[in-house]
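Notes follow once the structure below has been shown.
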Amino acid sequence: MKEIHELYSQLTEPRRVVITTHQKPDADAMGSSLGLAHFLRQFGHEVTVISPTNWARWLDWMEGTADVLDYELHRTEGDKKLEEAEWLFCLDHNHFSRTKSLAPKLAEINCTKILIDHHQEPDTASFDYGESNTGKSSTCEMVYDFIAGSGHRDKVNIYIAECLYAGVVADTGSFRFSSTHASVHRMVAFLKEMGLEHTKVHEALYDNFLENRLRFLGHVLSNRLEINYELNTALMWVSKQEILKYDIRTGDTEGLVNYPLSIQGIKLVGLVIDRDEERKWSFRSKGSFDCNTFARKYFSGGGHFNASGGRDTESLQDTVKKFKLAIEENSKQLQ
């Protein structure tokens with residue numbers, strides 16, 4: 001994988017470009033994809049953003065979401081765009097497997113493949129150019145660095161600013177996580193100077209839900225939260241019946257796993273949701289507990305040091321038992 005700065009001199013030559021991200025894209029995934037798309041179009045590139053799946057409805061405020069292709073719904077059109085692509089950007093995921101049913105097509109197509117991502121253990125062999133930097137706060141910050149490094153920061157308009165700011169806010173926990181380095185604040189200062197209204201973006205991300213989600217959160221926190229003070233761990237579980245009862249859609253569980261971290265002494269939180277084909281895990285930690293290693297070892301997952309995900313094909317009851325056994329095995333690290 002060649003360094004991404006080697007692409008800078010090629011930006012002004014229009015190409016057919018596809019931008020992809022991981023399944024069920026969050027604010028960083030969608031923000032970085034759309035921010036990069038708005039930037040590249042200013043050079044005359046023909047740009048298509050393809051999401052492997054649907055996305056949270058509270059991301060629809062971002063300029064350009066109406067034109068994003070949902071691959072599960074528009075596979076034929078998506079395949080055509082991918083087969084015609086000269087450049088493929090893969091954002092906020094570093095392995096094709098994170099793109100669900102889109103993965104085989106990404107591996108198959110013959111074009112220049114470019115990675116921009118901040119997760120651990122990238123599959124660098126699959127990419128021609130790229131940057132993988134786990135020290136970065138978000139993929140949105142990395143897209144900003146790409147724009148600035150290319151010498152075209154003057155092309156950052158209000159749409160780019162809003163998209164990139166959204167991803168940074170979400171992935172830094174509103175600037176409270178340790179990944180919020182000085183470079184993040186310098187980026188935001190520039191976006192503010194370009195006219196960014198940060199309150200508008202924050203409200204679109206966090207004050208843009210329906211009543212059923214709030215009642216669902218209350219139910220889970222009251223009835224599906226188990227605390228193990230001896231192991232400084234919290235566990236939450238959600239059944240498929242509860243998903244249906246409260247009409248929970250993609251994105252409605254975003255942020256739920258973070259609530260128990262506010263409890264004094266808690267170092268690790270696990271949230272499991274019963275989906276149709278598998279059980280989906282989210283893990284969050286504070287301090288020195290490595291969520292990424294934990295998720296990879298027990299739940300076929302991975303991600304960041306303090307924030308990771310996983311999956312399990314066993315039943316909800318069995319995967320909860322597996323989690324409880326796993327934290328016992330890691331009792332020393334959780335003290």
Side-chain angles (χ1 to χ4, degrees), residues 1-23 25 28-53 55 59 62-71 74-96 98-99 102-118 122-124 126-132 139-157 159-164 167:
M1 186 171 77
K2 300 176 185 178
E3 294 187 11
I4 201 165
H5 67 76
E6 296 186 33
L7 281 177
Y8 292 164
S9 62
Q10 304 177 48
L11 283 176
T12 56
E13 181 182 339
R15 290 177 169 83
R16 293 184 296 276
V17 179
V18 170
I19 300 173
T20 67
T21 187
H22 58 74
Q23 61 175 313
D28 189 35
M30 188 65 81
S32 59
S33 297
L34 291 174
L36 179 61
H38 293 314
F39 171 68
L40 293 175
R41 287 183 183 124
Q42 295 181 61
F43 295 99
H45 297 288
E46 179 188 319
V47 184
T48 303
V49 178
I50 300 178
S51 171
T53 63
W55 53 89
L59 294 176
M62 290 186 186
E63 182 67 25
T65 52
D67 298 319
V68 176
L69 280 181
D70 180 338
Y71 188 72
H74 304 284
R75 185 181 295 257
T76 300
E77 184 178 357
D79 284 345
K80 185 174 185 295
K81 292 292 185 181
L82 286 164
E83 289 162 4
E84 294 173 347
E86 297 169 86
W87 280 359
L88 170 70
F89 281 89
C90 294
L91 305 186
D92 206 34
H93 69 95
N94 56 23
H95 200 286
F96 293 153
R98 293 288 315 281
T99 65
L102 182 55
K105 195 66 180 180
L106 298 185
E108 168 194 316
I109 59 174
N110 183 25
C111 66
T112 299
K113 299 174 184 179
I114 306 154
L115 172 69
I116 302 179
D117 180 68
H118 65 137
D123 178 24
T124 55
S126 293
F127 300 96
D128 301 290
Y129 297 88
E131 182 177 3
S132 174
T139 304
C140 279
E141 183 189 359
M142 298 180 73
V143 168
Y144 172 80
D145 291 343
F146 177 74
I147 294 171
S150 70
H152 297 289
R153 201 169 65 156
D154 60 303
K155 293 191 178 296
V156 174
N157 56 33
Y159 298 137
I160 296 173
E162 289 178 346
C163 290
L164 298 187

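Numbers here are sequence positions counted from 1.
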**OP:** Start with the C-alpha distance between Trp55 and Met62, add both sets of side-chain angles, then the distance that settles side chain to side chain contact (heavy atoms under 4.5 Å, CB included), and finish with yes or no.
**Re:** CA-CA 12 Å; Trp55 53 89; Met62 290 186 186; over 6 Å; no
Original post:
Run the side chain to side chain contact (heavy atoms under 4.5 Å, CB included) check on Asp92 and His118 step by step: do they pass?
Top reply: CA-CA 7 Å; Asp92 206 34; His118 65 137; 3.4 Å; yes
Original post:
Can Gln42 and Ile160 be said to form a side chain to side chain contact (heavy atoms under 4.5 Å, CB included), step by step?
Top reply: CA-CA 11 Å; Gln42 295 181 61; Ile160 296 173; 3.7 Å; yes
Subject >> Intermediate values then yes/no, ring-ring contact (aromatic ring centres under 6.0 Å, His included), Phe96 and Phe127 >> reply: CA-CA 10 Å; Phe96 293 153; Phe127 300 96; 5.5 Å; yes
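A pairwise comparison of heavy atoms in Val156 and Ala161 identifies CG1-N, 4.3 Å as the closest pair. Nearest heavy-atom pair, Cys163 versus Leu34, reported as atom, atom and distance to 0.1 Å: SG-CB, 3.8 Å. Here the shortest heavy-atom pairing between Ala29 and His22 reads CB-NE2, 3.4 Å. Minimum heavy-atom separation, His45 to Leu11: NE2-O, 2.7 Å. The shortest non-hydrogen separation linking Ile50 to Gly78 is CD1-O, 3.8 Å. Gly31 and Leu164 get closest at one heavy-atom pair: O-CD2, 3.9 Å.
Between Phe43 and Glu13 the shortest side-chain heavy-atom distance does not fall below 4.5 Å. Between Val68 and Met30 the shortest side-chain heavy-atom distance falls below 4.5 Å. At a threshold of 4.5 Å between non-hydrogen side-chain atoms, the residues Ile147 and Lys155 do not count as touching. Between Ser132 and Thr124, every side-chain heavy-atom pair lies at or beyond the 4.5 Å cut-off. Considering only heavy atoms from C-beta on, Tyr71 stays 4.5 Å or farther from Thr99 through its side chain. Counting heavy atoms from C-beta on, the side chains of Asp70 and Ser51 never come closer than 4.5 Å. For the pair Leu115 and Asp123, the minimum side-chain heavy-atom distance is 4.5 Å or more. Within the 4.5 Å cutoff, the side chain of Ser33 has no heavy atoms near those of the Thr20 side chain.
Taking CZ of Phe89 as the start and CD1 of Ile19 as the end, the distance is 6.5 Å to the nearest 0.5 Å. Expressed to the nearest 0.5 Å, how far OG1 of Thr21 lies from CG of Leu36 amounts to 11.0 Å. Distance check, rounded to the nearest 0.5 Å: SG of Cys90 to NZ of Lys113 gives 8.0 Å. Note that CG of Asn94 is 12.0 Å distant from CG of Leu91, once rounded to the nearest 0.5 Å. To the nearest 0.5 Å, atom CG of residue Leu82 and atom CZ of residue Arg75 are 11.0 Å apart. One distance of note links NZ of Lys2 with CG of Asp128; it measures 7.5 Å at 0.5 Å rounding.
Atom CD of Glu3 has 12 or fewer heavy atoms from other residues, nucleotides or ligands within 6.0 Å. The environment of Asp154 atom CG is dense: over 12 non-hydrogen atoms of other residues, nucleotides or ligands sit within 6.0 angstrom.
Put simply, the side chain of Glu131 never gets that close to the backbone of Ile116: no donor and acceptor are under 3.5 Å apart. At distances below 3.5 Å, at least one donor-acceptor pair connects side-chain atoms of Asp28 with backbone N or O atoms of Cys140. Judged by distance alone, with hydrogens and angles left aside, the side-chain atoms of Arg16 form a donor-acceptor pair with the main-chain N or O of Glu84 at under 3.5 Å. Looking only at distances, a side-chain donor or acceptor of Asp117 sits under 3.5 Å from a matching main-chain atom of His93.
When each of Val18, Leu40, Asp67 is checked for a side chain to side chain contact (heavy atoms under 4.5 Å, CB included) with Val47, only Leu40 meets the rule.
Relative ring orientation between His38 and Tyr159 is described as tilted, the plane-to-plane angle lying within the 30° to 60° band. Taking the six-membered ring where the residue is Trp, His152 and Phe39 present tilted rings, their angle falling between 30° and 60°.
When the salt bridge (charged side-chain N to carboxylate O under 4.0 Å, His left out) test is applied to Lys81, the partners found at least two apart in sequence or on another chain are Glu46.
A salt bridge is absent between Glu83 and Lys80: the closest approach of a Lys/Arg side-chain nitrogen to an acidic carboxylate oxygen does not fall below 4.0 angstrom.
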